[in-house]
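Everything on this sheet refers to the single structure shown next.
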Amino acid sequence: MNTSPAKAFGRWLRLQRQARQLTAREFAIAIGLASAEYAEVELGIVEWITDAQEQLIPKALEFSPQEVAAFESSLTQAREATPITFESLFKDRDQLAPVRACTPYRKQLTEADRENILKAVFAPLR
Amino acid sequence: MSYTYKKKTPEQLEAIAAGILAKKKDRCNGFVVNIEGIIEDCDITILPRSNGLHQWVYGYAAKDPHYIIVAEMIVGSLPTYRVVLAEELSHIVLEFDLWTADKLPEGAHCHELTPEQHDEIEDNADYLSCALLCAKDHFSSQYHRRKSEAQPLSNDQDRITRVVIDQLAKEDFGVMPMLAARRAVQLGLITKDSYKRNFLDRIPL
């Protein structure tokens with residue numbers, strides 16, 4: 001099965017970032033995205049990459065001219081492909097259900113908390 | 001209740017932390033452990049999410065072991081964020097069998113644990129996260145160094161303790177002062193009474 005161009009772009013960008021020893025948190029700041037938005041980019045949700053990020057990413061990663069060309073080509077293909085949504089990436093919502101958690105006041109989660117957590121996790125980013 | 005968690009001793013937890021840190025020496029910058037890097041090395045994606053997630057949870061290890069979810073709100077507070085990540089990684093390390101089975105054993109879901117099991121599991125994960133972020137030998141040697149520097153400045157031992165822990169937390173290990181204080185208790189550098197007097201009773205939780 002062929003990998004979606006958007007997922008392939010996200011994976012490629014992740015590898016470029018990791019090769020430069022940058023954490024996703026640091027890189028998100030460098031390109032002006034919230035950490036949750038950038039995490040979606042690495043999963044293949046490219047809607048967060050606007051003109052500003054298109055300029056900032058090559059600078060932040062100090063791309064060579066060849067890497068800039070690869071970046072632009074891969075991004076174009078990702079944008080032309082069928083858009084990916086967060087929900088479509090995790091068709092089984094249970095995949096992201098909490099197993100162990102760090103909670104305020106070390107409270108033990110209830111079943112209702114579990115459902116609220118999944119609702120928050122799967123709600124589109126605002 | 002079929003799930004059994006075998007509580008680890010402090011010695012076992014220290015050995016687990018030392019083993020991980022020995023394999024990840026390249027992920028240490030001075031005394032600061034790059035917990036985000038270690039997590040990525042384990043092929044785990046840190047997935048910040050918003051939409052009020054912090055009301056219920058600061059972070060969690062998801063059923064799919066490739067994801068640790070964190071509330072985006074805490075990502076901006078680096079010492080807190082690092083502690084949450086270390087704690088979730090600790091959970092995965094300590095109960096790895098939960099993630100290798102197709103299905104969670106009966107009674108192992110977080111809401112199914114007995115209060116005693118919940119406390120034991122959280123105590124162990126908290127201990128291991130402290131040990132991962134504040135390596136035993138480094139922490140002890142820095143504590144003694146900082147204390148000997150601070151000693152001439154005051155006769156008030158509680159004040160010295162607070163200054164030293166604050167320096168260890170903020171300047172050396174990149175963690176919250178409360179975590180550094182807990183680590184100092186774990187290693188017998190300060191007493192539980194001193195911890196309670198200088199940290200627990202002073203900072204509203």
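Residue numbers begin at 1 in each chain, while the letters A, B, ... track the order of the sequences.
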For a side-chain contact (heavy atoms from CB on, under 4.5 Å) with L133(B), tell me which candidate from L85(B), V32(B), L128(B), V83(B) qualifies. V83(B)
Side-chain H-bond candidate by donor/acceptor type, Q16(A) with R20(A), under 3.5 Å: yes
Region of E122(B) in contact with chain A, defined by heavy-atom distances below 4.5 Å: both
Of H66(B), E88(B), Q55(B), the largest count of non-hydrogen pairs under 4.5 angstrom with chain A goes to E88(B)
For the candidates P124(A), A39(A), C102(A), which exhibits the highest count of non-hydrogen atom pairs separated by less than 4.5 Å from chain B? C102(A)
Please identify which of these residues, H138(B), R145(B), R146(B), meets the side chain to side chain donor-acceptor pair (under 3.5 Å) condition with D172(B). R146(B)
Do the side-chain N and O atoms of Q53(A) and W48(A) include a donor-acceptor pair separated by under 3.5 angstrom? no
Check the surroundings of atom NZ in K7(A): do more than 12 heavy atoms from other residues, nucleotides or ligands lie under 6.0 Å from it? no
So which atom in A180(B) and which in F139(B) form the shortest heavy-atom distance, rounded to 0.1 Å? O-CZ, 3.3 Å
What residues of residues 82-101 of chain A sit under 4.5 Å from chain B when only non-hydrogen atoms are counted? F86(A), F90(A), D94(A), Q95(A), L96(A), A97(A), P98(A), V99(A), R100(A), A101(A)
Any side-chain heavy-atom pair from W56(B) and T103(A) closer than 4.5 angstrom? no
May I ask you to decide if the ring planes of F71(A) and W12(A) are parallel, tilted or perpendicular, using 30° and 60° as cut-offs? parallel
Would you mind checking which part of I92(B) comes under 4.5 Å of any heavy atom in chain A, side chain (CB onward), backbone (N, CA, C, O), both or neither? neither
Checking an interface table here. Which of residues 106-120 of chain A come within a heavy-atom distance under 4.5 Å of chain B? R106(A), K107(A), Q108(A), L109(A), T110(A), E111(A), D113(A), R114(A), N116(A), I117(A), A120(A)
Any donor-acceptor N or O pair under 3.5 Å, side chains S74(A), Q77(A): no
Does any backbone or side-chain atom of Y58(B) lie under 4.5 Å from a heavy atom of chain A? Answer side chain, backbone, both or neither. both
For E149(B), look at atom CD and say whether over 12 heavy atoms of other residues, nucleotides or ligands are found less than 6.0 Å away. yes
For I29(A), which atoms come within 4.5 Å of any heavy atom of chain B: side chain, backbone, both, or neither? neither
So N34(B) and C28(B), side chain to side chain contact (heavy atoms under 4.5 Å, CB included) or not? Walk me through it. CA-CA 6 Å; N34(B) 177 359; C28(B) 298; over 6 Å; no
Answer yes if the side chains of E26(A) and T23(A) hold a donor-acceptor pair under 3.5 Å, and no otherwise. yes
Can you establish whether the number of heavy atoms outside N29(B) located under 6.0 Å from its atom CG is more than 12? no
Which region of L104(B), side chain (C-beta onward) or backbone (N, CA, C, O), has a non-hydrogen atom less than 4.5 Å from a non-hydrogen atom of chain A, or is it both or neither? side chain
Report, as yes or no, whether the 6.0 Å neighbourhood of atom CZ on R79(A) holds more than 12 heavy atoms from other residues, nucleotides or ligands. yes
Under 4.5 Å from a heavy atom of chain B, the part of A34(A) involved: both
Between chain A and each of D123(B), I121(B), T45(B), count heavy-atom pairs under 4.5 Å; write down the option with the most. D123(B)
